[in-house]
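Take a look at the structure below.
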Amino acid sequence: MDKFQSVRGFHDLMGDELRRFRYVSELIREKLLLYNFEEIVLPVVEYLEVFQRSIGETTDIVQKEMFAFQDRKGRWLALRPEGTAGAVRAYIQHSLYALKPYMKLFYEGPMFRYERPQAGRYRQFHQIGAEVFGSKDPLTDAELISLVYEILSELGIPVVIEINSIGCKICRPAYRSVLLEYLSHVERNLCEVCIDRKDRNPLRVLDCKVPACKEAVKEAPKMVDYLCEECREHYTRLKEYLSALSIPYRENPYLVRGLDYYTKTVFEAVSEELGITVIAGGRYDYLVEELGGPPTPAVGFAVGLERLSMLVKEVPAQEPLYFVIPFGPVEDFALWVAKRLRAEGKRVELSYRKGSLKKQLELANRLGVRYAVIVGEEEKAGSFYTLKDMETGEQVRVEITF
RNA sequence: GAGAGCGUAGCUCAGCUGGCAGAGCAGUGGACUGUGGAUCCACGGGUCGCGGGUUCGACUCCCGUCGCUCUCCCCA
């Protein structure tokens with residue numbers, strides 16, 4: 001009989017992998033709480049349209065990577081491929097803009113994209129995302145990038161922060177036509193995909209990885225040179241703030257995000273070791289309005305937890321384990337001792353097996369025990385236990401006080 | 001969507017030119033119910049991913065298929 005297997009791209013998180021994952025996610029959560037972000041638990045399913053309208057009809061995510069399906073009444077739903085769309089939907093649905101002058105939310109949970117699985121990439125993966133609604137000040141962008149940088153520093157993950165500005169409604173159309181004009185001159189050198197996406201979303205051609213395209217856009221006009229007054233000032237101040245915070249960043253004029261909703265600031269934290277982006281984000285000043293809310297500027301970022309965990313070299317050791325060994329007919333006493341040790345805050349395992357003391361200690365070794373707690377008839381009669389350090393072999397008698 | 005590599009015991013893997021299915025580790029039991037971290041002995045464990053073909057004979061060769069891993073694209 002064939003064994004069942006998990007669905008392609010969906011995997012079980014456990015053991016050391018899970019310990020790393022939890023270490024990472026807990027560290028990030030703590031950090032977000034320090035920055036006074038408030039958690040929101042969002043549904044995993046939204047109406048398909050929420051994603052189409054926010055991420056963009058022409059993006060790869062929407063065109064070919066969504067788990068979309070119809071419910072029993074024929075409505076189109078989708079498993080969320082990212083968190084921002086849902087966060088914005090919730091922000092509008094609950095009129096959170098009326099609650100506070102600005103709102104800082106974070107969420108954590110599984111995301112779903114129908115992609116070919118590979119190292120650090122799954123069809124179900126996990127993200128923590130943070131969004132600030134209601135502030136157009138570059139101070140916000142700077143603080144968010146600072147938060148990202150702090151997280152990565154504390155995890156000991158070397159990254160480069162890349163930033164760029166992709167302008168706004170005012171300056172991007174002008175730049176777009178300048179860029180289109182340029183691209184039409186070098187079109188014969190572009191890859192097929194780029195020729196195709198040139199008209200749909202010319203900015204994306206800039207960050208194409210195909211060498212020929214990279215070469216072709218080397219002399220391309222840069223968005224940063226075409227920013228309007230407001231965008232230029234925003235970008236300049238952002239850079240000042242980053243310098244003030246001593247955050248090493250690198251300007252990448254070709255940094256363009258794959259989601260349509262971004263405006264002004266975009267940024268990525270890139271691990272140069274693996275050549276992958278671990279945290280990415282940016283500003284999306286029109287999205288709230290586009291999804292039916294009041295005009296509300298916003299910035300956010302998302303971090304891929306599997307990817308980030310993969311880069312973490314060391315996780316803090318677990319609490320030392322105490323192993324209570326009932327030796328002889330003293331199970332009642334052993335149960336009691338185990339409970340008592342746990343009440344003291346210790347991590348305790350009670351041996352569920354019988355056997356000679358030798359066997360029990362062998363068992364202790366295999367379970368990775370730090371302290372063996374031997375309780376036999378002598379111990380029970382005298383109200384004490386024998387504590388043996390499995391690393392040093394030292395053994396002491398510990399009186400139980402009441 | 002495109003490409004490459006790999007599927008043999010719970011794990012890591014060997015298996016030659018086609019001829020009885022193997023090892024180490026792990027597991028279980030054992031002179032051993034008051035002292036472990038490489039003592040010894042014994043034992044269990046397999047549809048050789050699946051289907052077909054070639055052959056007297058296939059883990060081995062051929063075709064197909066599924067899965068896993070990795071790369072590109074894309075993305076966190």
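Just so it is clear, the structure is predicted and the values come from calculations on it, not from any experiment. Chain identifiers are assigned alphabetically (A, B, ...) following the order of the sequence lines, protein sequences preceding nucleic acid strands; residue numbering begins at 1 within each chain.
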* To do: Run the numbers on A:H11 and A:E17 for side chain to side chain donor-acceptor pair (under 3.5 Å), then give the verdict.
  => CA-CA 11 Å; A:H11 82 308; A:E17 193 187 0; 3.2 Å; yes
Which part of the nucleic acid, if any, lies within contact of [X], taking any heavy atom under 4.0 Å across all strands shown: a base, the sugar-phosphate backbone alone, or nothing?
X	value
A:G393	base
A:E391	base
A:A280	sugar-phosphate
A:E115	base
A:K64	nothing
A:N365	base

Spacing of [X] atom [atom1] relative to [N] atom [atom2], expressed in whole Å:
X	N	atom1	atom2	value
A:R121	B:rC73	CZ	C1'	8 Å
A:Q63	B:rC73	CD	C1'	14 Å
A:E65	B:rC73	CD	C1'	9 Å
A:D389	B:rU35	CG	P	18 Å
A:R366	B:rC25	CZ	C1'	13 Å
A:L357	B:rU35	CG	C1'	5 Å
A:E394	B:rU35	CD	C1'	15 Å
A:Q360	B:rC32	CD	P	17 Å

Of the listed nucleotides [options], the one nearest the side chain of [X]:
X	options	result
A:L361	B:rU33, B:rU35, B:rC74	B:rU35
A:R8	B:rU33, B:rC68, B:rC74	B:rC68
A:K359	B:rG30, B:rU33, B:rG1	B:rG30
A:R353	B:rU28, B:rG36, B:rG34	B:rU28

* Quick one: on RNA chain B, does A:Y114 or A:Q127 contact a more 5' nucleotide (nearest heavy atom)? ->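 The 5'-side residue here is A:Y114.
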* Asked: If you find the nucleotide of RNA chain B closest to A:T277 and the one closest to A:T392, which residue's nucleotide is nearer the 5' end?
  ->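 With A:T277 and A:T392 compared, the 5'-side residue is A:T392.
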* To do: Examine A:F106 together with A:F37 and report whether their ring centres are nearer than 6.0 Å.
  =>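 Not close enough - the centres of the two rings lie 6.0 Å or further apart.
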If only side-chain N and O atoms count, and only distance matters, is there a donor-acceptor pair under 3.5 Å linking [Y] with [X]?
X	Y	answer
A:E290	A:S54	no
A:Y23	A:E314	no
A:H234	A:D137	no

* Atom pair CD1/CZ of A:I374 and A:F327 - distance to nearest 0.5 Å ->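 Result: 8.5 Å between the selected atoms.
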* **Distance, nearest 0.5 Å, that separates CD1 of A:I151 from CD1 of A:I28** =>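 These two atoms lie 5.0 Å from each other.
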Taking atom [atom1] in both [N] and [M], what distance in whole Å separates the two?
N	M	atom1	value
B:rC62	B:rC16	P	14 Å
B:rG51	B:rG45	C1'	26 Å
B:rU65	B:rU28	P	43 Å
B:rC59	B:rG49	P	10 Å
B:rC61	B:rA2	C1'	29 Å
B:rC63	B:rG24	P	36 Å
B:rU12	B:rA26	C1'	11 Å
B:rA21	B:rA9	P	15 Å

* Give a yes/no verdict on a cation-pi contact between A:K239 and A:Y249, requiring under 6.0 Å between NZ or CZ and the six-membered ring centre and an angle within 45° of the axis. =>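 Judged by the rule (NZ or CZ under 6.0 Å from the ring centre, within 45° of its axis), A:K239 is not positioned above A:Y249.
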* **A:K346 charged N/C atom sitting above A:Y322 aromatic ring, 6.0 Å / 45°** =>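 Ring-cation test returns yes.
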Is [N] paired to anything, Watson-Crick or G-U wobble with both distances less than 3.5 Å, and if yes, which nucleotide?
N	result
B:rC70	B:rG3
B:rC16	none
B:rG64	B:rC50
B:rC32	none
B:rC43	B:rG27

Can you find a donor-acceptor N/O pair under 3.5 angstrom joining the side chain of [X] to the base of [N]?
X	N	answer
A:K358	B:rU35	no
A:R116	B:rC70	no
A:Q395	B:rU35	yes

* **Matching residue for A:E115 among A:K64, A:R123, A:R121 - test: salt bridge (charged side-chain N to carboxylate O under 4.0 Å, His left out)** =>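 Among A:K64, A:R123, A:R121, the one that satisfies the salt bridge (charged side-chain N to carboxylate O under 4.0 Å, His left out) with A:E115 is A:R121.
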* **Positions of residues 304-325 of chain A (non-hydrogen atom under 4.0 Å from RNA chain B), listed by number** =>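 Going residue by residue through residues 304-325 of chain A, the ones with a heavy atom under 4.0 Å of RNA chain B turn out to be A:G304, A:R307.
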* For RNA chain B, determine which residues of residues 369-387 of chain A have any heavy atom closer than 4.0 angstrom to one of its atoms, and list them numerically. =>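 The answer is A:I374, A:G376, A:E377, A:E378, A:E379, A:T386.
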* Asked: Should the pair A:H126 and A:F21 be assigned to parallel (<30°), tilted (30 to 60°) or perpendicular (>60°) ring geometry?
  ->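 Perpendicular, since the angle between the ring planes exceeds 60°.
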* Start with the C-alpha distance between A:L190 and A:V205, add both sets of side-chain angles, then the distance that settles side-chain contact (heavy atoms from CB on, under 4.5 Å), and finish with yes or no. => CA-CA 9 Å; A:L190 297 177; A:V205 177; 4.1 Å; yes
* To do: Mind running salt bridge (Lys or Arg N to Asp or Glu O under 4.0 Å) on A:D16 and A:R19 for me, showing each step along the way?
  => CA-CA 5 Å; A:D16 286 342; A:R19 268 185 286 279; 2.9 Å; yes
* Asked: So does A:Q118 get a side-chain nitrogen or oxygen closer than 4.0 Å to the phosphate oxygens (OP1/OP2) of B:rU71?
  ->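 True: A:Q118 side-chain N/O within range (under 4.0 Å) of B:rU71 OP1/OP2.
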